[in-house]
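Reviewing the structure listed below.
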There are 2 protein chains.
Amino acid sequence: MSVKERKERERAERERLIVATARELAEQQGWDAVTTRRLAERIEYSQPVLYSHFRGKREIIGAVALEGAVELAAAVRAATAGADGPRERVAALARAYLDFAEHNPAVYDALFQLDGGLAYAQEDTPEPLKDAFAALLECLAEVAGDGVHPGMFTEVFWAALHGLATLTRTGRLLPEDAAPRVELLVARLAVV
Amino acid sequence: MSVKERKERERAERERLIVATARELAEQQGWDAVTTRRLAERIEYSQPVLYSHFRGKREIIGAVALEGAVELAAAVRAATAGADGPRERVAALARAYLDFAEHNPAVYDALFQLDGGLAYAQEDTPEPLKDAFAALLECLAEVAGDGVHPGMFTEVFWAALHGLATLTRTGRLLPEDAAPRVELLVARLAVV
DNA sequence: CCATGACCCTAGCACCGCTAGACAATCGAG
DNA sequence: CTCGATTGTCTAGCGGTGCTAGGGTCATGG
């Protein structure tokens with residue numbers, strides 16, 4: 001039996017290698033450069049091996065997205081934990097979110113821009129995605145304001161951050177004024 | 001000389017046909033379905049003809065985007081013109097923007113999601129793009145608030161709308177609560 | 001020792017964006 | 001009116017894509 005276990009371990013290890021390599025390649029050269037051939041070559045296996053782990057490229061993107069969701073949630077929680085007062089916490093959350101998007105563009109794309117075959121905002125939504133939203137909610141519920149549904153407030157705040165992140169990264173907004181934009185957003189949306 | 005003119009007219013007409021067909025196909029089946037082969041077949045010419053009008057697929061996307069920018073600007077101006085008071089104008093703007101994104105998803109993608117090879121937020125930005133931003137600015141400057149740069153306020157408001165539009169369309173936000181989200185956004189961001 | 005089964009690779013499909021080069025139609029000069 | 005030049009379009013093909021069928025190799029269990 002131990003042989004079988006070893007094989008399963010190796011197989012799991014190889015799956016991690018695929019996801020990590022896909023992510024690395026995407027961050028280095030963009031998702032367009034992540035082709036099944038290149039990916040297979042980097043992990044030193046042939047293409048069909050990829051398909052024994054994932055249904056297709058889409059599922060690989062999804063796997064990277066889930067990894068990213070865990071990290072995003074952690075980054076947001078770490079940032080908010082170290083801030084004093086609701087207002088400052090929200091500002092820290094916004095900065096952490098945008099920093100994550102800026103420094104992990106490929107992962108951010110996998111999460112919110114590309115189709116990774118994941119279900120969002122539903123019952124069967126993967127736990128990491130739910131938890132990332134929860135991380136935002138925990139902090140933002142404090143400043144939703146009276147009579148405003150915290151979940152909906154979080155959605156609106158999140159959408160605003162997402163807009164800033166994507167428009168900035170695709171050159172639609174100049175990165176120079178990023179800081180004052182965040183300030184303004186927090187000042188207006190958050191009710192102290 | 002009149003022969004030459006006729007040919008130029010026909011050529012311009014064919015270019016319009018290409019753009020219109022690309023747009024139609026994209027709205028029907030998504031941009032992934034807009035391949036040079038399919039597009040060529042629909043206009044009843046061979047592929048290389050496309051390349052005598054555009055450098056490549058990217059430029060065709062860009063042409064659709066410019067068409068969309070003109071329409072978006074018009075839609076926003078029409079909506080704001082028929083509303084009373086700054087606050088109501090902003091709400092009308094937001095609804096018009098999101099309606100446009102919802103009813104012209106492919107065009108919206110060409111504008112703000114895909115790479116159409118256009119310059120944004122720069123001197124050499126095409127006039128239709130500048131004008132679409134101006135259409136937002138005209139209305140939003142009224143409610144930017146004292147001491148807040150109208151351009152920056154417009155960027156933030158636009159980013160929020162963009163976030164709502166894209167997250168909703170890709171299934172990250174449920175469309176049910178779209179209306180109250182817009183209400184909340186307008187109520188918080190706009191200073192009456 | 002050998003049959004079995006798991007595993008992985010080679011080779012190939014249909015499609016993609018894009019382009020070289022052949023061919024036909026049109027034009028302008030003599 | 002004829003004939004070379006130019007313009008316009010097409011066929012065919014290149015190197016790439018995601019994905020898969022089928023064969024061969026190698027360790028495993030009887």
Side-chain angles (χ1 to χ4, degrees), chain A residues 1-19 21-23 25-26 28-65 106 109-110 114-118, chain B residues 1-19 21-23 25-26 28-65 106 109-110 114-118:
Chain A
M1 276 305 110
S2 141
V3 171
K4 194 173 180 181
E5 287 174 9
R6 192 202 70 221
K7 291 217 170 179
E8 280 175 13
R9 244 188 357 256
E10 288 173 355
R11 195 179 153 74
E13 178 54 38
R14 193 172 62 181
E15 187 159 318
R16 275 192 294 276
L17 177 63
I18 292 173
V19 176
T21 306
R23 175 178 179 166
L25 193 49
Q28 285 172 359
Q29 312 184 39
W31 277 106
D32 281 349
V34 183
T35 69
T36 54
R37 278 171 180 78
R38 251 194 288 260
L39 187 49
E41 197 192 1
R42 283 224 185 180
I43 64 168
E44 296 180 313
Y45 282 94
S46 66
Q47 281 176 280
V49 166
L50 300 174
Y51 292 87
S52 75
H53 289 271
F54 302 95
R55 283 173 185 277
K57 189 180 172 180
R58 169 194 298 208
E59 270 197 7
I60 298 177
I61 295 174
V64 172
D109 279 350
L114 301 175
D115 178 12
L118 303 176
Chain B
M1 276 306 107
S2 140
V3 171
K4 192 173 181 180
E5 287 173 12
R6 193 202 70 223
K7 293 215 167 182
E8 280 175 14
R9 248 191 349 259
E10 287 173 355
R11 194 177 155 75
E13 178 53 37
R14 193 174 62 181
E15 188 158 318
R16 274 192 294 275
L17 177 63
I18 292 173
V19 176
T21 306
R23 174 176 179 168
L25 192 49
Q28 285 172 356
Q29 313 184 44
W31 276 106
D32 281 350
V34 183
T35 69
T36 53
R37 280 172 179 78
R38 254 193 286 260
L39 187 50
E41 195 191 1
R42 283 225 185 178
I43 65 169
E44 296 180 313
Y45 281 94
S46 67
Q47 280 175 281
V49 166
L50 300 175
Y51 293 86
S52 75
H53 289 271
F54 302 95
R55 282 174 184 276
K57 189 181 172 179
R58 169 193 297 208
E59 269 196 8
I60 297 177
I61 295 174
V64 172
D109 279 350
L114 301 175
D115 179 12
L118 303 175

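Every chain is numbered from 1, with letters handed out A, B, ... down the list of sequences.
- Listed by chain and residue number, B/His53 satisfy the side chain to side chain donor-acceptor pair (under 3.5 Å) test with B/Arg14 (two or more places apart in sequence, or in another chain).
- With hydrogens and angles disregarded, a donor-acceptor distance shorter than 3.5 Å links the side chain of B/Glu59 to the backbone of B/Arg55.
- Following rounding to the nearest Å, A/Ile43 (CD1) and C/dC8 (P) show an atom-to-atom distance of 10 Å.
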Please list, for nucleotides 5-9 of chain D, all pairs of protein and nucleotide N/O atoms separated by less than 3.5 Å.
from	atom 1	to	atom 2	distance (Å)
D/dT9	OP1	B/Arg14	NH1	2.8
D/dT9	OP2	B/Arg14	NH1	3.4
D/dT9	OP2	B/Arg14	NH2	3.1

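- With contacts defined as side-chain heavy-atom distances shorter than 4.5 Å, the pair A/Ile43/A/Leu50 qualifies.
- Contacts of B/Glu13 classified as side chain to side chain donor-acceptor pair (under 3.5 Å), with partners at least two apart in sequence or in another chain: B/Arg16.
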Do any N or O atoms of the protein come closer than 3.5 Å to N or O atoms of nucleotides 17-24 of chain D, and which pairs are they?
from	atom 1	to	atom 2	distance (Å)
D/dT17	OP1	A/Thr35	OG1	3.2
D/dG18	OP1	A/Val34	O	3.4
D/dG18	OP1	A/Lys57	NZ	3.3
D/dG18	OP2	A/Thr36	N	2.7
D/dG18	OP2	A/Thr36	OG1	3.0
D/dG18	N7	A/Arg37	NH1	3.0
D/dG18	O6	A/Arg37	NH2	3.2
D/dC19	OP2	A/Tyr51	OH	2.9
D/dC19	OP2	A/Lys57	N	2.8
D/dC19	O5'	A/Tyr51	OH	3.3
D/dC19	N4	A/Gln47	OE1	3.1
D/dC19	N4	A/Gln47	NE2	2.9

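- No donor-acceptor distance shorter than 3.5 angstrom exists from the side chain of B/Lys57 to the backbone of B/Gly116, with no hydrogens or angles considered.
- Listed by chain and number, the residues in a side chain to side chain donor-acceptor pair (under 3.5 Å) with B/Arg38 amount to none (sequence neighbours excluded).
- Going from atom CG of B/Leu50 over to atom C1' of D/dT11 covers 15 Å, rounded to whole Å.
- For the pair A/Ala110 and A/Trp31, the tightest heavy-atom approach, listed with the atom from each and the gap, is CB-CZ2, 3.9 Å.
- Here the C1' atom of nucleotide C/dG17 and the CG atom of B/Asp115 are 15 Å apart, to the nearest Å.
- Partners of B/Thr21 by side chain to side chain donor-acceptor pair (under 3.5 Å), not counting sequence neighbours: none found.
- The distance between atom CD of A/Glu41 and atom P of C/dC9, rounded to the nearest whole Å, is 13 Å.
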